[in-house]
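Worksheet: one structure, shown below.
Residue indices begin at 1 and follow the sequence shown.
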Amino acid sequence: MRTALACVVLALSSPAWAAESVHLAPHRAVYDLSLSGSSGTRAVENARGRIVFDFTGDACKGYALQYRQVTVLESSESGSRTSDLRNTTFEAGDGRSFRFRTQSDLNGKTTAPVDGNAERSDKGLAVTLKQPKRGEFGVPGEVLFPAAHMKRLIEAARAGQSTVAVKVFDGSDDGRKVYDTLAVIGARRVAAKAEAKPDAAGTPPADPAAPAGPDLKPESRPVPVEAALRDGAMALMPHWPVTLSYFSPGEGERTPVYVLAFDLYENGVSAALRLDYGEFSLKGELSRIELLPESKDCKP
(Lines give C-alpha, C1' and ligand atoms only; values in the text may rest on other atoms or scores of the structure.)
Protein backbone atom coordinates (compact mmCIF):
# COMPACT_ATOMS: atom_id res chain seq x y z
CA MET A 1 0.00 0.00 0.00
CA ARG A 2 1.20 3.51 -0.73
CA THR A 3 2.68 5.50 2.14
CA ALA A 4 0.43 8.39 1.11
CA LEU A 5 -2.31 6.58 3.04
CA ALA A 6 -0.54 7.51 6.25
CA CYS A 7 -1.78 10.76 7.73
CA VAL A 8 -2.29 12.37 11.10
CA VAL A 9 -5.35 14.19 12.38
CA LEU A 10 -5.71 16.42 15.44
CA ALA A 11 -6.18 14.46 18.66
CA LEU A 12 -9.56 14.80 20.34
CA SER A 13 -7.98 14.32 23.76
CA SER A 14 -5.60 16.34 25.85
CA PRO A 15 -1.83 15.75 25.49
CA ALA A 16 -1.69 14.41 29.06
CA TRP A 17 -4.39 11.80 28.36
CA ALA A 18 -2.72 10.73 25.11
CA ALA A 19 0.61 10.26 26.93
CA GLU A 20 -0.81 7.81 29.52
CA SER A 21 0.57 4.28 29.29
CA VAL A 22 -1.72 1.74 27.67
CA HIS A 23 -3.27 -0.79 30.04
CA LEU A 24 -4.68 -4.01 28.57
CA ALA A 25 -7.46 -5.33 30.79
CA PRO A 26 -7.72 -9.06 31.52
CA HIS A 27 -11.10 -10.15 30.21
CA ARG A 28 -13.23 -12.97 28.87
CA ALA A 29 -15.38 -12.13 25.85
CA VAL A 30 -17.87 -14.17 23.83
CA TYR A 31 -18.87 -13.20 20.28
CA ASP A 32 -21.81 -14.77 18.45
CA LEU A 33 -21.09 -15.18 14.73
CA SER A 34 -23.51 -14.80 11.84
CA LEU A 35 -23.23 -14.26 8.10
CA SER A 36 -22.64 -10.65 7.10
CA GLY A 37 -22.14 -11.04 3.34
CA SER A 38 -21.22 -13.56 0.65
CA SER A 39 -20.07 -13.57 -2.97
CA GLY A 40 -18.38 -15.84 -5.49
CA THR A 41 -19.45 -18.92 -7.40
CA ARG A 42 -19.86 -21.07 -4.31
CA ALA A 43 -21.58 -18.50 -2.12
CA VAL A 44 -22.05 -19.18 1.58
CA GLU A 45 -25.79 -19.05 2.27
CA ASN A 46 -25.76 -19.32 6.03
CA ALA A 47 -23.21 -19.11 8.81
CA ARG A 48 -23.21 -19.39 12.56
CA GLY A 49 -20.64 -19.86 15.25
CA ARG A 50 -18.94 -18.42 18.29
CA ILE A 51 -15.62 -16.94 19.38
CA VAL A 52 -14.44 -17.27 22.99
CA PHE A 53 -11.57 -14.91 23.84
CA ASP A 54 -9.86 -15.37 27.23
CA PHE A 55 -7.10 -12.81 27.86
CA THR A 56 -5.16 -12.66 31.16
CA GLY A 57 -1.93 -11.23 32.58
CA ASP A 58 -0.25 -7.86 32.70
CA ALA A 59 2.83 -5.96 31.57
CA CYS A 60 4.89 -7.47 34.42
CA LYS A 61 4.04 -11.17 34.14
CA GLY A 62 3.18 -11.25 30.44
CA TYR A 63 -0.05 -11.84 28.53
CA ALA A 64 -1.75 -15.21 28.04
CA LEU A 65 -4.48 -15.78 25.47
CA GLN A 66 -6.80 -18.72 24.93
CA TYR A 67 -8.84 -18.29 21.77
CA ARG A 68 -11.40 -20.61 20.24
CA GLN A 69 -13.52 -20.06 17.13
CA VAL A 70 -16.12 -22.55 15.96
CA THR A 71 -17.76 -21.72 12.62
CA VAL A 72 -20.40 -23.57 10.61
CA LEU A 73 -20.72 -22.53 6.95
CA GLU A 74 -23.58 -23.78 4.79
CA SER A 75 -23.82 -23.75 0.99
CA SER A 76 -26.19 -25.60 -1.34
CA GLU A 77 -23.24 -26.27 -3.65
CA SER A 78 -20.50 -27.37 -1.23
CA GLY A 79 -22.61 -28.52 1.71
CA SER A 80 -21.90 -27.83 5.37
CA ARG A 81 -18.41 -27.17 6.73
CA THR A 82 -17.57 -26.98 10.43
CA SER A 83 -14.22 -25.58 11.54
CA ASP A 84 -12.89 -25.52 15.09
CA LEU A 85 -9.82 -23.35 15.68
CA ARG A 86 -8.05 -23.33 19.06
CA ASN A 87 -5.14 -21.00 19.69
CA THR A 88 -3.02 -20.60 22.85
CA THR A 89 -0.31 -17.95 23.14
CA PHE A 90 1.89 -16.26 25.71
CA GLU A 91 3.60 -12.93 25.10
CA ALA A 92 6.19 -11.36 27.39
CA GLY A 93 5.13 -8.08 28.93
CA ASP A 94 7.88 -6.22 27.10
CA GLY A 95 6.82 -7.73 23.78
CA ARG A 96 10.19 -9.40 23.18
CA SER A 97 9.19 -13.09 23.23
CA PHE A 98 6.16 -15.08 22.11
CA ARG A 99 4.99 -18.69 22.42
CA PHE A 100 2.19 -20.09 20.29
CA ARG A 101 0.27 -23.30 19.68
CA THR A 102 -2.63 -23.73 17.24
CA GLN A 103 -4.88 -26.73 16.72
CA SER A 104 -7.66 -26.86 14.12
CA ASP A 105 -10.33 -29.33 13.02
CA LEU A 106 -12.32 -29.31 9.78
CA ASN A 107 -15.48 -31.42 9.70
CA GLY A 108 -14.16 -33.42 12.62
CA LYS A 109 -10.76 -34.16 11.05
CA THR A 110 -7.83 -32.88 13.10
CA THR A 111 -4.91 -31.25 11.33
CA ALA A 112 -1.33 -31.26 12.59
CA PRO A 113 -0.77 -28.67 15.35
CA VAL A 114 1.42 -25.63 14.85
CA ASP A 115 3.77 -25.09 17.80
CA GLY A 116 6.72 -22.76 18.25
CA ASN A 117 8.22 -19.67 19.80
CA ALA A 118 9.59 -16.37 18.58
CA GLU A 119 12.00 -13.74 19.82
CA ARG A 120 12.32 -10.05 18.93
CA SER A 121 15.62 -8.18 19.00
CA ASP A 122 17.06 -5.00 17.55
CA LYS A 123 17.98 -7.00 14.44
CA GLY A 124 14.49 -8.38 13.81
CA LEU A 125 12.39 -11.48 14.41
CA ALA A 126 13.64 -15.05 14.99
CA VAL A 127 11.11 -17.91 14.91
CA THR A 128 11.69 -21.51 15.99
CA LEU A 129 9.07 -24.09 14.97
CA LYS A 130 8.57 -27.42 16.76
CA GLN A 131 5.49 -28.64 14.86
CA PRO A 132 4.30 -29.61 12.31
CA LYS A 133 7.91 -29.61 11.10
CA ARG A 134 10.98 -28.34 12.90
CA GLY A 135 12.57 -25.28 11.41
CA GLU A 136 13.83 -21.76 11.93
CA PHE A 137 13.51 -18.50 10.03
CA GLY A 138 14.06 -14.81 10.58
CA VAL A 139 12.67 -11.48 9.38
CA PRO A 140 14.71 -8.26 9.60
CA GLY A 141 13.28 -5.02 10.96
CA GLU A 142 10.50 -4.31 13.42
CA VAL A 143 7.85 -7.02 13.82
CA LEU A 144 5.24 -6.82 16.59
CA PHE A 145 3.47 -9.59 18.48
CA PRO A 146 -0.32 -9.30 19.05
CA ALA A 147 -0.42 -7.59 22.49
CA ALA A 148 2.30 -5.12 21.50
CA HIS A 149 0.39 -4.45 18.28
CA MET A 150 -2.80 -3.77 20.25
CA LYS A 151 -0.92 -1.30 22.45
CA ARG A 152 0.50 0.42 19.38
CA LEU A 153 -3.01 0.83 17.93
CA ILE A 154 -4.37 2.33 21.16
CA GLU A 155 -1.41 4.70 21.44
CA ALA A 156 -1.98 5.83 17.86
CA ALA A 157 -5.72 6.26 18.41
CA ARG A 158 -5.16 8.36 21.53
CA ALA A 159 -2.68 10.54 19.66
CA GLY A 160 -5.18 11.12 16.85
CA GLN A 161 -3.29 9.14 14.20
CA SER A 162 -5.57 7.77 11.51
CA THR A 163 -3.34 4.96 10.21
CA VAL A 164 -0.78 2.50 11.56
CA ALA A 165 1.33 0.30 9.26
CA VAL A 166 3.50 -2.39 10.85
CA LYS A 167 4.57 -6.02 10.40
CA VAL A 168 2.85 -8.50 12.74
CA PHE A 169 3.58 -12.11 13.71
CA ASP A 170 0.93 -14.09 15.60
CA GLY A 171 1.87 -17.70 14.79
CA SER A 172 -1.25 -18.23 12.67
CA ASP A 173 -1.67 -20.47 9.63
CA ASP A 174 1.47 -22.61 9.33
CA GLY A 175 3.50 -20.50 11.77
CA ARG A 176 5.69 -19.14 8.99
CA LYS A 177 3.74 -16.03 7.97
CA VAL A 178 4.66 -12.48 8.90
CA TYR A 179 1.97 -10.08 7.71
CA ASP A 180 2.15 -6.49 6.61
CA THR A 181 -0.77 -4.79 8.33
CA LEU A 182 -2.52 -1.48 7.80
CA ALA A 183 -4.92 -0.16 10.43
CA VAL A 184 -7.29 2.69 9.58
CA ILE A 185 -8.54 4.35 12.77
CA GLY A 186 -11.71 6.41 12.91
CA ALA A 187 -12.62 9.30 15.18
CA ARG A 188 -12.93 8.77 18.91
CA ARG A 189 -16.39 7.80 20.13
CA VAL A 190 -18.14 7.46 23.46
CA ALA A 191 -20.92 5.01 24.22
CA ALA A 192 -24.54 6.00 24.75
CA LYS A 193 -25.96 4.33 27.86
CA ALA A 194 -29.30 2.65 27.23
CA GLU A 195 -30.98 4.23 30.25
CA ALA A 196 -29.86 7.80 29.47
CA LYS A 197 -32.91 9.97 28.75
CA PRO A 198 -33.50 13.67 27.92
CA ASP A 199 -34.55 15.97 30.74
CA ALA A 200 -37.94 17.66 30.95
CA ALA A 201 -36.83 20.34 28.47
CA GLY A 202 -35.76 17.70 25.97
CA THR A 203 -32.02 18.25 26.49
CA PRO A 204 -29.91 15.09 26.16
CA PRO A 205 -27.92 14.15 29.30
CA ALA A 206 -24.32 15.31 29.56
CA ASP A 207 -21.68 12.77 28.67
CA PRO A 208 -18.81 12.83 31.20
CA ALA A 209 -16.48 10.96 28.83
CA ALA A 210 -16.94 13.35 25.92
CA PRO A 211 -14.18 15.82 24.98
CA ALA A 212 -14.37 19.23 26.61
CA GLY A 213 -15.74 22.17 24.64
CA PRO A 214 -19.05 23.84 23.81
CA ASP A 215 -19.73 21.66 20.77
CA LEU A 216 -18.95 18.05 19.94
CA LYS A 217 -18.09 17.05 16.43
CA PRO A 218 -20.76 14.66 15.09
CA GLU A 219 -18.37 11.71 15.08
CA SER A 220 -17.55 12.33 18.78
CA ARG A 221 -21.14 12.25 20.03
CA PRO A 222 -22.35 9.22 22.03
CA VAL A 223 -23.20 6.28 19.77
CA PRO A 224 -25.18 3.09 20.42
CA VAL A 225 -23.15 0.03 21.43
CA GLU A 226 -23.81 -3.67 21.85
CA ALA A 227 -26.00 -4.64 24.80
CA ALA A 228 -23.13 -6.29 26.69
CA LEU A 229 -21.32 -2.94 26.95
CA ARG A 230 -24.22 -0.63 27.81
CA ASP A 231 -23.76 -0.96 31.56
CA GLY A 232 -20.87 -1.40 33.94
CA ALA A 233 -17.26 -0.24 33.85
CA MET A 234 -17.11 0.16 30.08
CA ALA A 235 -20.44 1.92 29.51
CA LEU A 236 -18.86 5.31 28.85
CA MET A 237 -15.35 4.23 27.87
CA PRO A 238 -13.90 5.95 24.76
CA HIS A 239 -13.35 3.74 21.72
CA TRP A 240 -12.43 3.98 18.06
CA PRO A 241 -13.64 2.16 14.93
CA VAL A 242 -10.70 0.30 13.39
CA THR A 243 -10.32 -1.51 10.06
CA LEU A 244 -7.26 -3.76 10.11
CA SER A 245 -6.05 -5.30 6.84
CA TYR A 246 -3.52 -8.14 6.60
CA PHE A 247 -1.31 -8.41 3.50
CA SER A 248 1.24 -10.94 2.32
CA PRO A 249 4.68 -9.27 2.20
CA GLY A 250 5.48 -7.54 -1.06
CA GLU A 251 5.65 -4.24 -2.89
CA GLY A 252 3.05 -2.00 -4.54
CA GLU A 253 -0.73 -2.34 -4.47
CA ARG A 254 -1.92 -5.60 -2.93
CA THR A 255 -5.24 -7.17 -2.07
CA PRO A 256 -5.56 -8.02 1.63
CA VAL A 257 -5.80 -11.69 2.47
CA TYR A 258 -7.96 -10.88 5.48
CA VAL A 259 -9.70 -7.79 6.88
CA LEU A 260 -10.90 -7.36 10.45
CA ALA A 261 -13.10 -4.42 11.47
CA PHE A 262 -13.95 -3.73 15.11
CA ASP A 263 -14.53 -1.11 17.79
CA LEU A 264 -11.35 -0.80 19.85
CA TYR A 265 -11.80 0.27 23.47
CA GLU A 266 -8.94 1.96 25.29
CA ASN A 267 -8.49 -1.05 27.63
CA GLY A 268 -7.95 -3.43 24.69
CA VAL A 269 -11.45 -4.93 24.54
CA SER A 270 -12.91 -5.28 21.03
CA ALA A 271 -16.56 -5.14 20.01
CA ALA A 272 -18.71 -5.04 16.85
CA LEU A 273 -16.49 -7.51 14.95
CA ARG A 274 -16.61 -7.99 11.21
CA LEU A 275 -14.35 -10.68 9.75
CA ASP A 276 -13.91 -10.43 5.98
CA TYR A 277 -12.43 -13.55 4.34
CA GLY A 278 -12.90 -12.31 0.77
CA GLU A 279 -15.65 -14.57 -0.56
CA PHE A 280 -17.71 -14.19 2.61
CA SER A 281 -17.74 -12.12 5.79
CA LEU A 282 -18.94 -12.76 9.33
CA LYS A 283 -20.44 -10.47 11.92
CA GLY A 284 -19.36 -11.02 15.52
CA GLU A 285 -21.70 -9.57 18.13
CA LEU A 286 -20.33 -9.28 21.65
CA SER A 287 -22.81 -11.29 23.73
CA ARG A 288 -20.84 -11.47 26.98
CA ILE A 289 -17.94 -9.56 28.51
CA GLU A 290 -16.34 -10.19 31.89
CA LEU A 291 -13.51 -8.03 33.21
CA LEU A 292 -11.26 -10.34 35.22
CA PRO A 293 -9.38 -9.60 38.49
CA GLU A 294 -6.08 -7.82 38.02
CA SER A 295 -2.77 -7.96 39.83
CA LYS A 296 -2.29 -4.98 42.13
CA ASP A 297 1.49 -5.21 42.37
CA CYS A 298 2.34 -4.57 38.70
CA LYS A 299 3.80 -1.13 38.10
CA PRO A 300 5.65 -1.30 34.75
Side-chain angles (χ1 to χ4, degrees), residues 1-2 5 29-53 65 67-89 100-114 132 146 149-150 153 163-186 226 240-264 270-287:
M1 302 298 287
R2 288 179 292 183
L5 288 173
V30 178
Y31 304 88
D32 292 333
L33 300 177
S34 60
L35 185 64
S36 176
S38 180
S39 63
T41 56
R42 294 187 297 175
V44 174
E45 297 160 2
N46 187 38
R48 64 185 186 277
R50 177 166 290 179
I51 292 174
V52 178
F53 187 97
L65 171 65
Y67 175 99
R68 186 174 186 180
Q69 178 177 343
V70 177
T71 310
V72 179
L73 304 177
E74 296 177 348
S75 168
S76 57
E77 173 137 356
S78 57
S80 178
R81 291 173 291 163
T82 300
S83 62
D84 185 351
L85 172 67
R86 301 174 299 281
N87 181 238
T88 301
T89 66
F100 56 95
R101 180 178 176 83
T102 300
Q103 182 73 61
S104 60
D105 301 344
L106 181 60
N107 290 335
K109 296 182 179 180
T110 301
T111 62
V114 176
H149 185 214
M150 182 66 69
L153 293 178
T163 61
V164 175
V166 67
K167 292 182 181 295
V168 173
F169 178 81
D170 59 9
S172 60
D173 296 316
D174 60 358
R176 294 180 176 272
K177 290 184 172 62
V178 175
Y179 289 102
D180 291 340
T181 69
L182 175 66
V184 178
I185 305 170
E226 291 160 304
W240 301 263
V242 175
T243 300
L244 180 59
S245 300
Y246 290 78
F247 301 87
S248 297
E251 299 293 337
E253 297 287 349
R254 288 167 285 165
T255 300
V257 296
Y258 176 74
V259 179
L260 173 63
F262 55 100
D263 285 349
L264 173 61
S270 297
L273 301 185
R274 187 176 184 276
L275 301 84
D276 190 339
Y277 296 96
E279 292 189 349
F280 69 94
S281 60
L282 301 176
K283 173 186 176 182
E285 181 177 358
L286 181 64
S287 60

Item to complete: Look at the aromatic rings of Y258 and Y277 and report parallel, tilted or perpendicular, splitting at 30° and 60°.
Response: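 Judged by the thresholds at 30° and 60°, the geometry between Y258 and Y277 is tilted.
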Could you check whether any side-chain heavy atom of [X] comes within less than 4.5 Å of a side-chain heavy atom of [Y], counting everything from C-beta outward?
X    : Y    : result
V30  : R50  : yes
F53  : S270 : no
L35  : E74  : no
S172 : T102 : no
H149 : L244 : yes
V114 : P132 : yes

Worksheet item: Residues two or more places apart in sequence or in another chain: which of them pass salt bridge (Lys or Arg N to Asp or Glu O under 4.0 Å) with R176?
Response: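 Result, salt bridge (Lys or Arg N to Asp or Glu O under 4.0 Å) vs R176: none returned.
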Item to complete: Could you list the residues that satisfy salt bridge (Lys or Arg N to Asp or Glu O under 4.0 Å) with K167, not counting sequence neighbours?
Response: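 Testing K167 for salt bridge (Lys or Arg N to Asp or Glu O under 4.0 Å), a comparison that skips the adjacent residues, returns D180.
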Practice prompt. Could you walk me through whether D170 and Y246 pass the side-chain hydrogen bond (donor to acceptor under 3.5 Å, both in side chains) test, one step at a time?
Written response: CA-CA 12 Å; D170 59 9; Y246 290 78; 5.1 Å; no
Worksheet item: Going from OG on S76 to CG on N46, what distance comes out if it is rounded to the nearest 0.5 angstrom?
Response: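 Nearest 0.5 Å value for the OG-CG distance: 11.5 Å.
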Item to complete: Measure the spacing between OH of Y67 and CD1 of I51 and express it to the nearest 0.5 Å.
Response: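 The OH atom of Y67 sits 3.5 Å away from the CD1 atom of I51.
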